[in-house]
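Before any comments, here is the structure.
Every chain is numbered from 1 and lettered A, B, ... according to where its sequence line falls, protein lines coming before strand lines.
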Protein chains: 2
Amino acid sequence: MKKAVSLKDIANNVGVSTALVSYVLNGKEKEARVSKQMAAKIRRAAKEMNYQPNLIARSLKYGKTKTIGLIVADISNPFFSSIARIIENKAKENGYTVVFGSSDEQLDKSADLLNALINRQVDGLIVTPVENSEEQIREIQEKGIPVVLIDRYFPKLNTNAVFINNYQSAYNATQHLIDNGYKKIGMVAYQSSLEHMKQRVKGYEKCLKDNGINASKDWLLKINYNHTETDFRDSLNAMLEKNTIDSLLFATVSLAVKSLHVINSRKIKIPDDFGLISFDESDAFDFFYSPLTFIKQNLQQLGSQSVQLLIDSINNNTTVIKKIEVPSTLVVRDSSKKK
Amino acid sequence: MKKAVSLKDIANNVGVSTALVSYVLNGKEKEARVSKQMAAKIRRAAKEMNYQPNLIARSLKYGKTKTIGLIVADISNPFFSSIARIIENKAKENGYTVVFGSSDEQLDKSADLLNALINRQVDGLIVTPVENSEEQIREIQEKGIPVVLIDRYFPKLNTNAVFINNYQSAYNATQHLIDNGYKKIGMVAYQSSLEHMKQRVKGYEKCLKDNGINASKDWLLKINYNHTETDFRDSLNAMLEKNTIDSLLFATVSLAVKSLHVINSRKIKIPDDFGLISFDESDAFDFFYSPLTFIKQNLQQLGSQSVQLLIDSINNNTTVIKKIEVPSTLVVRDSSKKK
DNA sequence: ATGAAAGCGCTAACAC
DNA sequence: GTGTTAGCGCTTTCAT
């Protein structure tokens with residue numbers, strides 16, 4: 001890599017001090033009372049020499065990198081990659097660059113990534129925390145590094161966070177199934193201590209209860225994050241085998257897509273014999289023979305609010321912690337409408 | 001943000017010079033002949049004070065940031081986000097962090113991003129270049145910044161690049177349609193001067209020719225990158241209206257998914273009345289009533305080879321330029337098999 | 001109106 | 001065996 005031109009190179013070339021060059025190139029010629037001619041001369045030289053400021057040096061000086069660290073649970077999951085796109089855009093609008101990593105729902109990978117990004121002096125972090133990572137997040141906060149949790153959060157930890165009302169979303173979806181004539185509603189969720197997941201399950205359970213429906217234990221299938229494809233198929237097949245449910249609520253888009261394969265293979269008739277609703281969207285939902293009803297999170301808001309919150313938190317070192325609830329809506333389509 | 005502990009803090013605390021601390025913490029105590037006790041003492045202090053090295057300072061010193069810049073055409077597109085995940089993983093394995101941006105197929109956004117990443121002193125770049133960005137890439141090369149193009153490339157530009165054989169892939173797909181009894185094969189592609197797209201079209205055209213099929217001009221639909229949804233629907237509808245083709249090859253997954261909506265709405269019978277093949281994969285393809293035959297690029301190789309190539313190029317400042325062709329296979333399913 | 005110089009945190013050649 | 005110091009590129013205070 002060729003050596004890049006520095007302020008000093010320009011200074012030498014023009015025959016002035018680096019201070020002058022710095023002033024001019026940062027538009028501070030007024031305050032520094034640089035002469036018009038000199039300013040013009042410096043600007044011209046900078047252009048000719050194709051000067052590019054070294055942001056690393058600036059960062060070292062300022063103690064700010066204008067960089068945001070983003071850690072998602074899985075960047076290849078459209079839910080997260082869509083958010084990543086929104087975050088990157090919004091960050092760029094505000095002069096920030098995004099450094100990212102994918103924790104793959106693994107605690108150790110999450111720790112590694114957090115460390116790597118902190119050592120790189122990111123000004124703040126946006127994180128979808130993985131299970132049991134509460135302590136990691138707490139440590140970051142203790143170091144005084146601004147952090148915003150997104151999609152998920154820890155109820156006992158006082159952090160900035162942006163998320164939907166998972167409880168209510170699940171409740172509404174369940175109610176919608178009931179209103180459409182389904183009576184024995186099952187749910188496929190992750191086996192997780194993460195609050196967003198627990199809330200989704202709670203909303204579902206409470207709704208059944210409120211409707212006087214006596215749910216059986218085996219209406220709820222909890223899947224381990226580290227399942228294999230076969231594990232998954234086997235347990236869902238076992239659940240459906242029992243024939244005790246007439247509909248399903250999926251807690252995530254990944255669970256839904258996998259489940260649809262199983263449902264297809266069992267030739268279950270949607271929506272007449274069986275109803276379906278999922279959290280989040282997928283192209284797959286559109287082309288399933290009975291397009292899926294789904295809970296649409298406002299990704300735009302999730303992403304841009306989290307950036308806004310983080311930047312606020314970086315600037316106002318005032319430690320006002322905010323929890324922001326973002327809207328979600330039920331998009332009703334064919335899969336939940338019994339004829 | 002609290003002030004982080006620095007080498008100096010440790011040095012003061014222990015009562016030694018920063019040099020010693022630096023040596024010990026970098027495992028150079030042997031070369032520097034630091035006494036065992038002192039080394040232990042320093043290490044303990046570092047741990048107690050929870051020292052985290054400031055990589056920005058180290059970068060400034062070394063002139064290396066151990067950072068890779070990644071620019072994809074659209075991070076929310078699963079094709080690119082899957083690659084991003086692979087790249088991030090592979091980079092991390094090699095001690096690199098990934099900084100990313102999404103150019104959204106726009107020349108000015110691409111220029112902005114390149115600039116931002118270069119100013120942040122990335123050690124190298126992995127880029128899916130947008131149309132007409134040849135000059136931007138050439139400039140980066142002239143600056144001596146290692147760069148690897150991925151998915152796309154410029155034939156006239158001598159750059160590192162990793163891609164599939166687009167010509168052959170399209171040729172094979174077309175031949176497969178012909179072998180399955182389709183005779184009037186159309187294609188939906190982007191209107192683009194990008195070589196990978198031209199190769200896909202060429203492969204398709206050559207195959208028709210080799211089979212003695214006289215393609216009409218209106219078998220090929222070229223879509224502008226900046227189309228609206230309605231634009232797209234209208235032009236595809238117009239094409240299908242003419243009833244001159246009996247099958248379609250889609251040049252990208254995004255074109256395919258949009259097209260499937262139109263095909264669904266026209267109630268065209270796949271594969272009996274009409275055959276379909278697409279480049280790349282999508283969950284949507286699995287749930288389309290006639291699962292799509294598709295050209296599967298080896299993403300794992302695309303991603304990890306590009307990282308490998310970039311790191312080689314960063315380390316061996318030897319300027320050996322490499323073009324790597326990665327395998328692609330035709331995954332045959334229902335949509336291309338006339339009964 | 002311009003320059004000299006300190007300092008951000010780290011490394012490493014050199015001195016003692 | 002340990003300390004001193006210059007320097008990476010930049011900003012900014014203080015002289016002049």
Any donor-acceptor pair under 3.5 Å from Ser59(A) side chain to Leu55(A) backbone: yes
Residues that Tyr62(A) engages under ring pair (Phe, Tyr, Trp, His ring centres under 6.0 Å), provided they are two or more places apart: none
Side-chain donor or acceptor of Ser103(A) paired with backbone N/O of Gln106(A) under 3.5 Å: no
Side chain to side chain contact (heavy atoms under 4.5 Å, CB included) partner of Val162(A), chosen from Glu325(A), Gln301(A), Gln305(A): Gln305(A)
Sub-4.0 Å heavy-atom contacts from residues 39-47 of chain B onto DNA chain D, ordered by number: none
Distance in angstrom units between Leu7(B) CG and dG9(C) C1', rounded: 7 Å
Lys28(B), nearest nucleotide to its side chain (from dT2(D), dC10(D), dA12(C)): dA12(C)
Distance, rounded to the nearest Å, where Asn26(B) contributes CG and dG9(C) contributes P: 17 Å
Sugar-phosphate only, base, or nothing, as touched by Tyr23(B) at under 4.0 Å among non-hydrogen atoms: base
Any Ser6(B) side-chain nitrogen or oxygen under 4.0 Å from OP1 or OP2 of dG9(C): no
For atom CG of Leu60(B) and atom P of dG7(C), their distance in whole Å: 17 Å
Test side chain to side chain contact (heavy atoms under 4.5 Å, CB included) applied to Ile126(A) and Val147(A), Ile87(A), Ile71(A), the passing residue: Ile87(A)
Any donor-acceptor pair under 3.5 Å from Gln136(A) side chain to Leu107(A) backbone: yes
Side-chain N or O of Arg58(A) closer than 4.0 Å to phosphate OP1/OP2 of dT11(D): yes
Gap between atoms NZ and P, on Lys3(B) and dG7(C) respectively (whole Å): 14 Å
Asn54(B) vs dC8(C): side-chain N/O to OP1/OP2 distance below 4.0 Å: no
Donor-acceptor contact below 3.5 Å, side chain Lys323(B) vs main chain Asn160(B): no
Nearest-nucleotide comparison on DNA chain D, the residue closer to the 5′ end among Tyr51(A) and Ser17(B): Ser17(B)
Contacts of type side-chain hydrogen bond (donor to acceptor under 3.5 Å, both in side chains), residue Thr67(A), not counting sequence neighbours: Arg120(B)
Spacing of Asn12(A) atom CG relative to dG9(D) atom C1', expressed in whole Å: 13 Å
Short side-chain N/O contact from Ser35(B) to OP1 or OP2 of dG1(D), under 4.0 Å: no
Ring pair (Phe, Tyr, Trp, His ring centres under 6.0 Å) pairs, two or more places apart, involving residues 70-106 of chain A: Phe100(A)-Phe100(B)
Sugar-phosphate only, base, or nothing, as touched by Ala4(B) at under 4.0 Å among non-hydrogen atoms: nothing
Full working for salt bridge (Lys or Arg N to Asp or Glu O under 4.0 Å) between Glu142(A) and Arg138(A): CA-CA 6 Å; Glu142(A) 260 174 18; Arg138(A) 212 182 47 67; 2.5 Å; yes
For the student: nearest non-hydrogen atoms of Asp123(B) and Thr65(B), plus distance: OD1-N, 2.9 Å
First encountered from the 5' end of DNA chain D, between Leu20(A) and Arg33(A): Leu20(A)
Minimal non-hydrogen separation, Glu88(B) against Val98(B), with atom names: CA-CG2, 3.8 Å
Any Lys8(A) side-chain N or O less than 4.0 Å from OP1/OP2 of dC10(D): no
All N/O pairs under 3.5 Å across the protein-nucleotides 5-7 of chain D interface:
residue: dG7(D); atom: N2; partner: Lys61(B); partner atom: NZ; Å: 3.0

Divergence of helical axes at both termini of the helix from dA1(C)-dT16(D) to dC16(C)-dG1(D) - five pairs an end, 10° steps: 60°
Distance, rounded to the nearest Å, where Lys30(B) contributes NZ and dT2(D) contributes C1': 17 Å
Distance, rounded to the nearest Å, where Ile56(B) contributes CD1 and dG9(D) contributes C1': 13 Å
Check: Arg152(A) side chain, His196(A) main-chain N or O, donor-acceptor pair, under 3.5 Å: no
Whole-Å distance separating the CG atom of Leu55(A) from the C1' atom of dT11(D): 13 Å
